[in-house]
Amino acid sequence: MARAIVYTEFGSPAVLHLMEVPDPVPVRGEALVRIEAAGANPIDAKLRSGKRPSAPITEPRPVGFDGAGVIEVLGEGVDGFEVGDRVAIRDTLGTYASALAVEADKLVKLPDAVTAAEGQRSASPPAPPISPSARSA
């Protein structure tokens, strides 16, 4: 069994809890990544607290959109990656987990000099800069 941090109701960080979940199995176009680091983003807190509109919670809801780890299994049709590759994960719900099946197009190889903690921050492109004229509007 894998483990994941989830919530079953909206609220403070106190609603987060660790639970065992079925081991993820990658399907065609996915890779199974053993998570080593996960990013804490403002969107996670907004969704968990209910401050950002989302569907009613009907089952344990996973947390996290960015992370980094090591590929353990490649699903059919995945090219450009190998088992053992260190990768960053972008825009994929559920990165607060021990393992996650991730679409290959959401993975970025990490250079050897980049740690998993650094890599989880590098997977998503930064927001575009705000022009000075937009700030004063």
> Backbone N or O of Arg3 within a donor-acceptor pair of the Ser98 side chain at under 3.5 Å?
Replying inline: yes
>> Among Val102, Val78, Val33, which residue satisfies the side chain to side chain contact (heavy atoms under 4.5 Å, CB included) criterion with Ile71?
In response: Val33
> What about Val15 and Ile5, same hydrophobic cluster or not, with Ile/Leu/Val/Met/Phe/Trp/Tyr joined at side-chain heavy-atom distances under 4.5 Å?
Replying inline: yes
>> Return the CG to CZ distance between Asp105 and Arg90, rounded to the nearest 0.5 Å.
In response: 6.0 Å
> How would you list all residue pairs meeting salt bridge (charged side-chain N to carboxylate O under 4.0 Å, His left out) that involve residues 20-38, not counting sequence neighbours?
Replying inline: Arg28-Glu76, Arg34-Glu36, Arg34-Glu72
> Taking all non-hydrogen atoms of both residues, which atom of Ala68 and which atom of Ala116 are closest, and how far apart?
Replying inline: CB-O, 3.4 Å
> With sequence neighbours excluded, what pairs up with Ala97 under the side chain to side chain contact (heavy atoms under 4.5 Å, CB included) test?
Replying inline: Ala4
>> For residues 40-52, which residue pairs pass the side-chain hydrogen bond (donor to acceptor under 3.5 Å, both in side chains) check, not counting sequence neighbours?
In response: Asn41-Asp66
> Which other residues belong to the hydrophobic cluster containing Val21, where Ile, Leu, Val, Met, Phe, Trp and Tyr are joined when side-chain heavy atoms lie under 4.5 Å apart, directly or via other members?
Replying inline: Val6, Met19
> Mind checking what makes side chain to side chain contact (heavy atoms under 4.5 Å, CB included) contact with Pro62, not counting sequence neighbours?
Replying inline: Leu93
>> I'd like to know whether Thr8 forms a side-chain contact (heavy atoms from CB on, under 4.5 Å) with His17, so could you lay out the CA-CA distance, the side-chain angles of the two residues, the decisive distance to 0.1 Å, and finally the verdict.
In response: CA-CA 9 Å; Thr8 55; His17 58 275; 3.9 Å; yes
> In the hydrophobic cluster built from side-chain contacts under 4.5 Å, what are the other members alongside Val27?
Replying inline: none
>> My understanding is that only residues two or more places apart in sequence, or in another chain, count here; which of them pass side-chain hydrogen bond (donor to acceptor under 3.5 Å, both in side chains) with Thr115?
In response: Glu118
>> Membership question, hydrophobic clusters at under 4.5 Å side-chain separation (ILVMFWY): are Val70 and Val108 in the same one?
In response: no
Could you pull out all donor-acceptor pairs under 3.5 Å where a side-chain atom in residues 81-89 meets a protein atom, sequence neighbours excluded?
| unit_1 | atom_1 | unit_2 | atom_2 | d |
| --- | --- | --- | --- | --- |
| Asp85 | OD2 | Glu82 | N | 2.7 |
| Arg86 | NH1 | Pro111 | O | 3.0 |
| Arg86 | NH1 | Val114 | O | 3.3 |
| Arg86 | NH2 | Val114 | O | 2.3 |

> Among all residues two or more places apart in sequence or in another chain, which pass the side chain to side chain contact (heavy atoms under 4.5 Å, CB included) test with Ser54?
Replying inline: Phe10, Leu47, Arg61
>> Whether the side chain of Tyr96 engages the backbone of Phe65 through a donor-acceptor N/O pair (distance < 3.5 Å, no angle test) should be reported.
In response: no
> Which heavy atom in Ala101 sits nearest to a heavy atom in Pro26, and how many Å separate them?
Replying inline: CB-CA, 4.0 Å
